[in-house]
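Data block below; observations after.
Bear in mind the structure is a predicted one, so any value in this text is a computation, not a measurement. The sequence lines fix the lettering, A, B, ..., with proteins before strands; numbering per chain opens at 1.
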Amino acid sequence: MEYKAIKGTRDFSPLQMQKRNYIFDTITKVYRSHGFLQIETPAMESLNTLMGKYGEEGDKLLFKILDSGMFLKPEEMQEFSSLFSDINDNNQTISINKATKMISEKGLRYDLTVPFARFVVNHRNDIVFPFKRFQIQPVWRADRPQKGRYREFYQCDADIIGSNSLMNEVELLQIINEVFSAFGLPIVIKLNNRKILSAFAELLGKADKITDLTVAIDKLDKIGLDNVINELQEKGFCKEDCEKISPLLNVKGSNEEKLLLLENIIGNIEIGRQGLEEIKYVLTKSNNADINNIELDITLARGLNYYTGAIVEVKALDMQMGSITGGGRYDNLTGIFGMPDVSGVGISFGADRIYDCLEEKGLFPKDIEVATKVLFINFGEKESDFCLHLATTLRKKGISCEIYPESAKLKKQMKYANDRHFPYCILVGEEEIKNSACVLKNMLTGEQETIAFDSLSEKLQ
RNA sequence: GUAUCUUUAGUUCAGUUGGUUAGAACGUCGGAUUGUGGUUCCGAAGGUCGUGAGUUCGAAUCUCACAAGGUACCCCA
């Protein structure tokens, strides 16, 4: 095959689309029921908007778009090529960045949150705050694909911006549970707070190294405590530091027990105290709202460094799958676009990973492959003309139907009905027209009965 | 950027120390059955063995290079 979808991207068949739409529709329905309003933003954004928001690694993973219809002037051309000769020297990254800037000013969006922040800043005068928006669109990352990881995938975001209230966190947790219970997928919600992680850094007197600290801690369940400590030491944390925090990382038990321990260690650091209060509030309110699958996980860090408060991740139980939903609070994301002091909190469902989970567990609804309810068998011109009217009547009643376009052999038409998973076939031949009736065949049971035209739509409701 | 595996029919795969005409299952198409599909039976079509070079009398099989795809790191959600 010479022509195929490029690495990390996929075509979606009709059946796959029905399954995907089931996911999107379920999430959309829950979002709407909580008063979120839908927006969309363009697939591409200015590199100014995208660069520097996701850390150094994120910049590398941005898909950049080559400028079209633009030509470099001769002197620029010279500079451009000289940048490539520099690439062999030490300042590689700088040269590549410069060269990129000369020929590319746009990129594909990397997530939905940063474009949303730009959206909020651009439309601040038209937006009613607190603004609850949802957005379901693809994002692109130039990552090496592997299991549960694609170069083009959909995120389903919901954010509340312009409100500091922790009620928003609770609402998002509710949404998570509503969505996954609709899917029938058992999950655990992992909750943490960036302020607690900041307190760790402060406890060690190394507030500036918070990123190194969180990146290392995040790996705990993957590489184990010893390796985390090794990594920390490589990043410049000393042995005493590690000894101070290792009991924190090792903590097991109920949320209450963890909180108690945290209280003792970081309770007298201002930012730690704040973090603990926030977590307690969210846990208590969630409990009142019958959310009881939250696990306080102080090793949860999350890579994106714009988070400042609550951070949350969802894992499917008993599955080898990365997190299927993530989110958190960011106090100043719009600040980078010139609109400071607006706090937001949001979550994002990873539709493609959820798809993989539902597929693996066989949780898609049984009738998902039913696209159209009725097929009219075509017996010839006179008969199909007649079916045209019947079909219009059924569609007006909200019953989807189609007429087989040719008067092919019955076997062929029935096979089509079967392959396309029509639940019903209607046969209208000469005899039936004469009697103002038709044969309705149930394709699941194989049973068929003769029904008057008048009572057809009622029967199919 | 690092490591590792894979590539044979539309799909999933088999293919012996290198030996004649490269096989199976499923799918597709036709027939058994011209007003009845999903079961069954019969038949057919479908392959530059990823690409290129090398070794050999002879390569799907051995060697090398390249390409594409997967998986695990790094990283990320």
Worksheet item: Can you check whether A:G58's main-chain N or O pairs, donor with acceptor, with A:K60's side chain at less than 3.5 Å?
Response: no

Worksheet item: Nearest to the side chain of A:E313 - B:rU36, B:rA77, B:rC75?
Response: B:rA77

Item to complete: Give the intermediate values and the outcome of salt bridge (charged side-chain N to carboxylate O under 4.0 Å, His left out) for residues A:D143 and A:R149.
Response: CA-CA 8 Å; A:D143 209 347; A:R149 202 184 243 194; 3.6 Å; yes

Worksheet item: Rounded to whole angstroms, how far apart are CD on A:E57 and P on B:rU2?
Response: 14 Å

Worksheet entry | Along RNA chain B (nearest heavy atom to each residue), the more 5'-positioned of A:G326 and A:K147 | A:K147

Worksheet item: Where the side chain of A:R141 is concerned, which of B:rC29, B:rG70, B:rC76 is the nearest nucleotide?
Response: B:rC76

Worksheet item: Are any side-chain N or O atoms of A:S348 and backbone N or O atoms of A:Q155, one a donor and one an acceptor, separated by less than 3.5 Å?
Response: no

Worksheet, complete the sentence: Picking from B:rA77, B:rC75, B:rG37, the nucleotide nearest the side-chain atoms of A:L61 would be B:rC75

Fill in: Interface with RNA chain B, restricted to residues 440-452 of chain A and to heavy atoms under 4.0 Å
A:K441, A:M443, A:L444, A:G446, A:Q448

Item to complete: Give the minimum heavy-atom separation between A:F349 and A:I347, together with the two atoms involved.
Response: CE1-CD1, 3.7 Å

Practice prompt. To the nearest Å, give me how far apart OH (A:Y307) and P (B:rC76) are.
Written response: 13 Å

Fill in: Cation over ring face, A:R141 and A:F63, 6.0 Å, 45°
no

Discussion item. I'd like the C1' distance from B:rG38 over to B:rA9, given in whole Å.
Written reply: 26 Å

Worksheet, complete the sentence: A:R151 CZ to B:rC76 C1', in whole Å, measures 14 Å

Discussion item. Before we go on, tell me: are the rings of A:F134 and A:Y31 under 6.0 Å apart, centre to centre?
Written reply: yes

Discussion item. Ignoring hydrogens and geometry beyond distance, is the side chain of A:R144 in donor-acceptor contact with the base of B:rC73 at under 3.5 Å?
Written reply: no

Worksheet item: Partners of A:F386 by ring pair (Phe, Tyr, Trp, His ring centres under 6.0 Å), sequence neighbours excluded?
Response: A:F453

Worksheet, complete the sentence: What one should report as the nearest heavy-atom pair of A:G148 and A:M321 is CA-SD, 4.2 Å

Discussion item. In whole Å, I'd like the distance from the CD atom of A:Q16 to the C1' atom of B:rU11.
Written reply: 14 Å

Worksheet item: Between A:Y22 and A:F183, does the ring centroid distance fall short of 6.0 Å?
Response: yes

What protein N or O atoms touch nucleotides 32-34 of chain B N or O atoms at under 3.5 angstrom, if any, and at what distances?
none

Discussion item. So, OP1 or OP2 of B:rG70: does either fall under 4.0 Å of a side-chain N or O from A:Q146?
Written reply: no

Response to the item:
Note: for A:D419 and A:D143 on RNA chain B, the residue whose nearest nucleotide lies more 5' is A:D419

Discussion item. Main chain of A:L50, side chain of A:E45: is a donor-acceptor contact present, judged purely on distance under 3.5 Å?
Written reply: no

Worksheet item: When you compare B:rA45 with B:rA22, how far apart are their P atoms, in angstrom units rounded to a whole number?
Response: 14 Å

Worksheet entry | Closest non-hydrogen atom pair, A:T214 against A:A301 | O-CB, 3.3 Å

Worksheet item: Does A:R20 count as lying over the ring of A:F12, i.e. NZ or CZ under 6.0 Å from the six-ring centre, within 45 degrees of the axis?
Response: yes

Discussion item. Give me the distance, rounded to whole Å, that separates B:rU61 from B:rU2 when you measure between the C1' atoms they each carry.
Written reply: 31 Å

Worksheet item: Within 45 degrees of the axis of the six-membered ring of A:Y150 and under 6.0 Å from its centre: does A:R10 put its NZ or CZ there?
Response: yes

Practice prompt. Rounded to the nearest angstrom, tell me the gap between atom CZ in A:R149 and atom C1' in B:rC74.
Written response: 9 Å

Worksheet item: Which value, in whole Å, describes the distance between the P atoms of nucleotides B:rC13 and B:rU55?
Response: 34 Å

Worksheet item: Can you check the A:K412 NZ to B:rC29 P distance for me, whole Å?
Response: 8 Å

Item to complete: Step by step, work out the salt bridge (charged side-chain N to carboxylate O under 4.0 Å, His left out) result for A:K132 and A:D159.
Response: CA-CA 6 Å; A:K132 300 169 81 171; A:D159 287 78; over 6 Å; no

Worksheet item: Between B:rG46 and B:rA25, how far is it from one C1' atom to the other, in whole Å?
Response: 15 Å

Practice prompt. Tell me which nucleotide among B:rG70, B:rG35, B:rC75 gets nearest to the side chain of A:F379.
Written response: B:rG35

Worksheet entry | Test side-chain contact (heavy atoms from CB on, under 4.5 Å) applied to A:T334 - qualifying residues, sequence neighbours left out | A:A117, A:V120, A:V121, A:I161, A:M339, A:V342

Discussion item. Reading 5' to 3' and counting Watson-Crick or G-U wobble pairs with both distances under 3.5 Å, write the dot-bracket notation for RNA chain B, | for bases paired outside the strand.
Written reply: (((((((..((((.....[...)))).(((((.......))))).....(((((..]....))))))))))))....

Worksheet entry | Span that lies between the C1' atom of B:rA72 and that of B:rG30, in whole angstrom | 48 Å

Practice prompt. Just compare B:rA77, B:rG70, B:rG35 and give me whichever is closest to any side-chain atom of A:S323.
Written response: B:rA77

Practice prompt. Please measure how far the P atom in B:rU39 lies from the corresponding atom in B:rG27, and state the result in whole Å.
Written response: 8 Å

Practice prompt. May I have the distance from A:Q155 (atom CD) to B:rC76 (atom P), rounded to whole angstrom?
Written response: 15 Å

Practice prompt. Report the relative orientation of the aromatic rings in A:F131 and A:F116; use parallel for angles under 30°, tilted for 30 to 60°, perpendicular for over 60°.
Written response: tilted

Fill in: Heavy-atom donor-acceptor pair, A:N418 side-chain to B:rG38 base, under 3.5 Å
no

Worksheet item: Taking the P atom of each, how far is B:rC26 from B:rA59, in whole Å?
Response: 34 Å

Worksheet entry | Whole-Å gap separating C1' (B:rC76) and CZ (A:F63) | 14 Å

Fill in: RNA chain B contacts made by residues 420-438 of chain A, counting heavy atoms under 4.0 Å
A:L427, A:G429, A:E432

